A.B. asks: 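One structure, pasted below without further comment.
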Amino acid sequence: MGTAQSVESLEQLTTVWRAAVLDRNPEADVRDLPGLAVRWADCRFAFWNCVALTGTGADAALVEQRLCRAADLMRAKQHPGYLLVFEDLLGEEARAALGSAAEKAGLAHGFRGVGMAGDLLPLPEPHHPELTFERVTTDRQLRAYADLNSRAYGMPLEDGRDGLVGTRLWTERAYAYLGLRDGVPVAGAATLEADGRLFVALVVTDPDQQRRGYGEAVTRKALYEGGRATGLTRATLHATPAGAPVYPRIGFVPNTPVHFYGLRE
């Protein structure tokens, strides 16, 4: 894993999250501060509320200082969210001290994801024997996509709807698709053009329909259609632990671990 790929992973996230949070809330807190990128819609959908550590090679003292500032920013918000730390951008000493620095800042580790990228497009047109695909273009489809996200991440349905329903990014600019089994949405995925790449976002499968290849199939569909429309050949994403084993089968290569922290209760 190299620094260039880790920087790409961070920059892709901050670019796409800027668009997503401003789409949700035109008055969102979108700032690039020394060492911190704030992308905070302050809505109930926690993934639209985030702060990311930026810069490369920061030592332990500087990382601790930035974690404390990020935690202070998070405490000032109405709704909870996440602090993201791209591990391979830290200095070796800071990496070793990350856990204790986060604890001092009042942060609790939520989960560990991984950034991935690949020069993998074009892909063949995807098929799944049990699915049909629909592009998300209407409020009804967007609501179904929001509800899939809520169920997949164990959120109240209203949280996902607060993040997505009524927005335009996912129905107009994104290549967002639902996978339907017998007419019922069971999976979803989207790609967005970002700085000459396709960024994969909001990949979800209904918890009752997992391990059937639905998430991989709908991700391939979003990549296929996004690549066909844009002509782009490189794609990036940030995988949760549940999704991480799927993406290398499509052609993605891991680049950096990404730690998600919330405020300690």
Side-chain angles (χ1 to χ4, degrees), residues 12-30 38-51 74 77-82 84 110-111 113 131-194 198-210 214-215 217-219 221-223 225-226 229 237-240 242-243 260 262:
Q12 283 280 285
L13 181 131
T14 57
T15 296
V16 171
W17 253 240
R18 173 188 290 273
V21 302
L22 288 173
D23 176 56
R24 168 56 185 81
N25 176 8
E27 297 181 355
D29 187 355
V30 176
V38 184
R39 304 288 186 267
W40 203 285
D42 217 11
C43 67
R44 290 179 56 174
F45 188 55
F47 290 110
W48 290 168
N49 305 329
C50 79
V51 181
M74 295 165 72
K77 303 301 184 184
Q78 180 180 357
H79 294 288
Y82 293 102
L84 279 63
F111 60 94
L131 298 182
T132 57
F133 300 111
E134 276 186 1
R135 186 169 181 181
V136 176
T137 59
T138 69
D139 285 342
R140 176 188 60 80
Q141 292 165 325
L142 192 57
R143 185 185 182 97
Y145 195 17
D147 288 353
L148 279 172
N149 275 271
S150 294
R151 288 197 292 271
Y153 291 106
M155 301 176 183
L157 292 182
E158 285 305 318
D159 288 11
R161 293 172 185 175
D162 190 45
L164 293 175
V165 174
T167 63
R168 289 291 169 260
L169 180 67
W170 306 100
T171 56
E172 296 177 1
R173 287 178 49 198
Y175 305 93
Y177 283 84
L178 296 172
L180 291 83
R181 181 183 180 185
D182 299 326
V184 177
V186 294
T191 56
L192 283 155
E193 185 173 358
L198 282 178
F199 185 88
V200 180
L202 300 182
V203 177
V204 287
T205 302
D206 188 299
D208 296 330
Q209 303 289 338
Q210 293 179 347
Y214 296 165
V218 76
T219 300
K221 178 65 173 178
L223 282 163
E225 297 294 351
L237 58 80
H238 298 93
T240 62
F260 290 71

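Positions are given from 1 along the sequence. Note that the coordinates shown come from a computational prediction; the quantities given were computed from them, not determined experimentally.
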A.B. asks: Counting N and O atoms only, with roles assigned by atom type, does the side chain of Thr219 sit under 3.5 Å from a partner on the main chain of Ala189, one being a donor and the other an acceptor?
C.D. replies: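 It does not hold such a pair.
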A.B. asks: With a 4.5 Å heavy-atom cut-off, do Leu148 and Leu178 have their side chains touching?
C.D. replies: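 When only atoms from C-beta onward are counted, Leu178 and Leu148 do touch, with a gap below 4.5 Å.
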A.B. asks: Counting only N and O atoms by type, is there a donor-acceptor contact under 3.5 Å from the side chain of Trp17 to the main-chain atoms of Arg39?
C.D. replies: no
A.B. asks: Taking atom CZ of Phe199 and atom CG of Leu237, what is their separation to the nearest 0.5 Å?
C.D. replies: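 It comes to 7.0 Å.
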A.B. asks: Can you name the closest pair of heavy atoms from Gly215 and Ala187 and give their distance?
C.D. replies: N-CB, 4.3 Å
A.B. asks: Would a distance-only check, ignoring hydrogens and angles, find a side-chain to backbone donor-acceptor pair under 3.5 Å from Tyr175 to Ala229?
C.D. replies: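 No, because the side chain of Tyr175 does not come within donor-acceptor range (under 3.5 Å) of the backbone of Ala229.
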A.B. asks: Check whether any side-chain N or O of Thr15 sits under 3.5 Å from a backbone N or O of Gln12 as a donor-acceptor pair, and report yes or no.
C.D. replies: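 No, because the side chain of Thr15 does not come within donor-acceptor range (under 3.5 Å) of the backbone of Gln12.
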A.B. asks: Could you tell me the separation between the CZ atom of Phe47 and the CG atom of Leu84, rounded to the nearest 0.5 Å?
C.D. replies: 9.5 Å
A.B. asks: If you take all heavy atoms of Ala144 and Pro185, which pair is closest and at what distance?
C.D. replies: CB-CG, 4.0 Å
A.B. asks: Please report the shortest heavy-atom distance between Ser150 and Pro156, naming the atom on each side.
C.D. replies: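 Looks like OG-O, 3.4 Å.
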A.B. asks: Ignoring hydrogens and angles, tell me if any N or O in the side chain of Asn49 forms a donor-acceptor pair with the backbone of Cys43 under 3.5 Å.
C.D. replies: yes
A.B. asks: Got a salt bridge between Arg168 and Asp139, using NZ or NE/NH1/NH2 to carboxylate O under 4.0 Å?
C.D. replies: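 A salt bridge is present here (some side-chain N lies under 4.0 Å from a carboxylate O).
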A.B. asks: Between Asp206 and Val184, does a side-chain contact (heavy atoms from CB on, under 4.5 Å) hold up when you go through it step by step?
C.D. replies: CA-CA 11 Å; Asp206 188 299; Val184 177; over 6 Å; no
A.B. asks: Check this for me, if you would: do Asp23 and Arg173 make a salt bridge, where the nitrogen-to-carboxylate-oxygen distance has to be below 4.0 angstrom?
C.D. replies: no
A.B. asks: Ignoring hydrogens, what is the shortest heavy-atom contact between Leu13 and His238? Give both atom names and the distance.
C.D. replies: CB-CE1, 3.5 Å
A.B. asks: Within a strict 4.5 Å, meaning less than it, do heavy atoms of the Val21 and Val30 side chains meet?
C.D. replies: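 Side-chain contact under 4.5 Å: yes.
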A.B. asks: Working to the nearest 0.5 Å, report the span between CZ of Arg140 and OG1 of Thr171.
C.D. replies: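 Output value for this atom pair is 13.0 Å.
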A.B. asks: Quick check for you: to the nearest 0.5 Å, what is the distance between Arg44 atom CZ and Arg24 atom CZ?
C.D. replies: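 One gets 10.5 Å once the value is rounded to the nearest 0.5 Å.
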A.B. asks: Report yes if some heavy atom in the side chain of Arg135 is under 4.5 Å from a heavy atom in the side chain of Glu225; otherwise report no.
C.D. replies: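 No, every pair of side-chain atoms sits at 4.5 Å or beyond.
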A.B. asks: Does some side-chain heavy atom of Met155 sit less than 4.5 Å from a side-chain heavy atom of Phe45?
C.D. replies: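 Yes; the side chains approach each other to less than 4.5 Å.
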A.B. asks: Would you say Val218 and Thr205 make side-chain contact, with heavy atoms under 4.5 Å?
C.D. replies: no
A.B. asks: Side chains of Trp48 and Asn25: closer than 4.5 Å at any heavy-atom pair?
C.D. replies: no
A.B. asks: Within this structure, what is the CG-CG distance for the pair Leu142 and Leu164, rounded to the nearest 0.5 Å?
C.D. replies: 5.5 Å
A.B. asks: Do you know which two heavy atoms are closest between Val200 and Leu223, and how far apart they sit?
C.D. replies: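 Residues Val200 and Leu223, closest heavy atoms: CG2-CD2, 3.7 Å.
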A.B. asks: What is the distance from atom OH of Tyr82 to atom CH2 of Trp40, rounded to the nearest 0.5 Å?
C.D. replies: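 CH2 of Trp40 is found 10.0 Å from OH of Tyr82.
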A.B. asks: What pair of heavy atoms forms the shortest contact from Leu131 to Ala217, and how long is it?
C.D. replies: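 Distance-wise, the nearest heavy atoms are CD1-CB, 4.1 Å.
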A.B. asks: So Phe260 and Phe111, would you call those rings parallel, tilted or perpendicular, with 30° and 60° as cut-offs?
C.D. replies: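 Rings of Phe260 and Phe111: parallel, as their planes differ by under 30°.
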